[in-house]
Amino acid sequence: QVQLVESGGGLVQAGASLRLSCIASGRTFNYYAMGWFRQAPGKEREFVAAISWSGDDTYYADSVKGRFTISRDKGKNTVYLQMNSLKPEDTAVYYCATPGSPTANTPLAYYDYDYWGQGTQVTVSS
């Protein structure tokens, strides 16, 4: 049973930083891409960042490029999202996800991800 558990969310002021973690279990994740998505109230789930199975390639939404960094520690089966210079518009529930099968390319669309965590709330006050 694949499980993803996020942590690290919280309430911060604009300009602050947070680091989200996602611990994966239930299979070997070394050959699977990992992604972060977020969903704000009344809005659709949106792509934030993704990292290739090797960790060599990373992808970001334009809205977070230059402020967020995705990374992974294969030895710990963990993916991280370092979020700097947070803005009120970053407020959302953040989810990590992984595809059901290994892929050569790193998927960026939510429908290409099969397993999801429960989410962690990030609230940024102005």
Side-chain angles (χ1 to χ4, degrees):
Q1 181 80 7
V2 174
Q3 284 194 320
L4 303 174
V5 179
E6 304 98 334
S7 62
L11 171 62
V12 297
Q13 290 190 328
S17 297
L18 282 174
R19 189 177 81 155
L20 305 184
S21 300
C22 173
I23 300 176
S25 62
R27 72 177 186 195
T28 300
F29 285 85
N30 289 353
Y31 301 106
Y32 294 79
M34 299 291 293
W36 285 97
F37 292 78
R38 67 186 181 186
Q39 188 165 20
K43 295 187 177 182
E44 294 187 351
R45 190 167 299 192
E46 65 173 355
F47 168 76
V48 176
I51 188 166
S52 63
W53 68 269
S54 65
D56 291 338
D57 301 304
T58 57
Y59 306 85
Y60 298 95
D62 288 343
S63 59
V64 307
K65 203 170 293 183
R67 299 187 297 122
F68 291 11
T69 302
I70 188 172
S71 61
R72 67 190 300 167
D73 184 332
K74 289 186 175 182
K76 296 182 179 180
N77 265 0
T78 302
V79 62
Y80 304 98
L81 186 67
Q82 178 67 43
M83 307 186 295
N84 298 331
S85 302
L86 282 162
K87 303 176 181 180
E89 50 263 45
D90 294 319
T91 295
V93 177
Y94 284 71
Y95 301 89
C96 73
T98 187
S101 301
T103 55
N105 297 321
T106 302
L108 305 184
Y110 73 89
Y111 48 76
D112 287 325
Y113 286 80
D114 301 289
Y115 297 105
W116 295 81
Q118 83 289 348
T120 185
Q121 176 71 47
V122 172
T123 304
V124 184
S125 63
S126 56

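This one's a predicted model, so the numbers in the text were calculated from it and none came from an experiment.
Hydrophobic clustering of Ile, Leu, Val, Met, Phe, Trp and Tyr side chains at less than 4.5 Å, counting indirect connections, unites Leu81 with Val124. Hydrophobic clustering (ILVMFWY, side-chain heavy atoms < 4.5 Å, transitive): Phe68 and Tyr80 are in distinct clusters. Taken together through direct or relayed side-chain contacts under 4.5 Å among Ile, Leu, Val, Met, Phe, Trp and Tyr, Val79 and Tyr110 form parts of separate hydrophobic clusters.
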Query - Evaluation steps, side-chain contact (heavy atoms from CB on, under 4.5 Å), between Lys76 and Ser21 - result: CA-CA 11 Å; Lys76 296 182 179 180; Ser21 300; over 6 Å; no
Requested in this report: Start with the C-alpha gap between Met83 and Val122, add the side-chain angles, then the distance that decides, and say whether side-chain contact (heavy atoms from CB on, under 4.5 Å) holds.
Outcome: CA-CA 10 Å; Met83 307 186 295; Val122 172; 3.8 Å; yes
Report task. Take Asp62 and Lys65 through the test salt bridge (charged side-chain N to carboxylate O under 4.0 Å, His left out) and record every step on the way to the result. Result -> CA-CA 5 Å; Asp62 288 343; Lys65 203 170 293 183; 3.2 Å; yes
Report task. Would you please test Phe37 and Trp116 for ring pair (Phe, Tyr, Trp, His ring centres under 6.0 Å) and show each step? Result -> CA-CA 10 Å; Phe37 292 78; Trp116 295 81; 5.1 Å; yes
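From Glu6, atom CD reaches atom OH of Tyr94 across 12.5 Å, with rounding to the nearest 0.5 Å. Here Ile51 contributes atom CD1 and Trp36 contributes atom CH2; the two are 12.0 Å apart, rounded to the nearest 0.5 Å. If you take CG on Leu86 and OG1 on Thr123, they are separated by 10.5 Å, rounding to the nearest 0.5 Å. Annotation: the span from Met34 atom CE to Thr106 atom OG1 amounts to 12.0 Å, rounded to 0.5 Å. Interatomic distance, Ile70 CD1 to Gln82 CD, rounded to the nearest 0.5 Å: 12.0 Å.
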Quiz: residues 22-33 side-chain donor-acceptor pairs under 3.5 angstrom, not counting sequence neighbours:
{"unit_1": "Arg27", "atom_1": "NH1", "unit_2": "Pro99", "atom_2": "O", "d": "3.2"}
{"unit_1": "Arg27", "atom_1": "NH2", "unit_2": "Thr98", "atom_2": "OG1", "d": "2.8"}
{"unit_1": "Arg27", "atom_1": "NH2", "unit_2": "Pro99", "atom_2": "O", "d": "2.8"}

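A heavy-atom distance below 4.5 Å is found between the side chains of Thr69 and Tyr60.
Other residues, nucleotides and ligands contribute more than 12 heavy atoms inside 6.0 Å of the NZ atom of Lys74.
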